[in-house]
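Worksheet for the structure shown next.
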Amino acid sequence: TVQLYTFVQVGCTAVIFGVSEFATVGYIFPALIAALVPFRTYIVSRMFDEDDLVYLDPMDEAFTPPGGRPRNDEMEDNQSK
């Protein structure tokens, strides 16, 4: 799963930078960058289980990996309560 997700990321990067190298179509570079959001939302979410995406592409700001330690600001919030 990790290898497939990495391959999808490398493929997207190659397409975006490959298109940007051609002067005749390089002007669509910002549109390609903007297209990554719907690509992640609609296509990648269908390719992978939601359980896998929690670890591969966490969308939550307060993500703590399994067995990991909470961030410093989370620790300070817990200590002040």
Side-chain angles (χ1 to χ4, degrees):
T1 303
V2 174
Q3 291 87 1
L4 179 60
Y5 186 76
T6 303
F7 179 73
V8 169
Q9 287 182 322
V10 170
C12 288
T13 304
V15 167
I16 288 173
F17 285 110
V19 167
S20 69
E21 289 298 316
F22 296 104
T24 56
V25 292
Y27 63 90
I28 66 169
F29 179 78
L32 291 174
I33 297 295
L36 290 175
V37 174
F39 180 79
R40 161 56 177 98
T41 303
Y42 298 111
I43 296 173
V44 173
S45 63
R46 291 185 181 174
M47 293 174 66
F48 299 96
D49 295 330
E50 287 299 320
D51 295 334
D52 294 335
L53 286 175
V54 167
Y55 299 105
L56 292 172
D57 188 21
M59 297 179 83
D60 184 17
E61 292 180 23
F63 175 74
T64 303
R69 297 182 52 176
R71 297 183 318 204
N72 288 337
D73 56 343
E74 291 176 358
M75 291 175 59
E76 291 171 2
D77 289 342
N78 290 337
Q79 290 175 355
S80 64
K81 290 181 182 179

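It should be emphasised that the depicted structure is a prediction, and the values quoted were computed from it without experimental measurement. The figures that follow rest on heavy atoms only: side chains count, while hydrogens, waters and symmetry mates do not. The first residue of the sequence shown is numbered 1, and numbering continues consecutively from there.
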Are [Y] and [X] co-members of a hydrophobic cluster defined by side-chain heavy atoms under 4.5 Å apart?
{"X": "Ile43", "Y": "Phe48", "result": "yes"}
{"X": "Val8", "Y": "Leu36", "result": "no"}
{"X": "Ile28", "Y": "Ile33", "result": "yes"}
{"X": "Leu4", "Y": "Leu53", "result": "yes"}
{"X": "Met47", "Y": "Val54", "result": "no"}

Problem set entry | Residue list, side chain to side chain contact (heavy atoms under 4.5 Å, CB included) with Val2, at least two apart or on another chain | Thr6, Leu56

Exercise. Relative to each other, are the rings of Phe17 and Phe29 parallel, tilted or perpendicular (30° and 60° limits)?
Worked result: tilted

Exercise. Residues two or more places apart in sequence or in another chain: which of them pass ring-ring contact (aromatic ring centres under 6.0 Å, His included) with Phe39?
Worked result: none

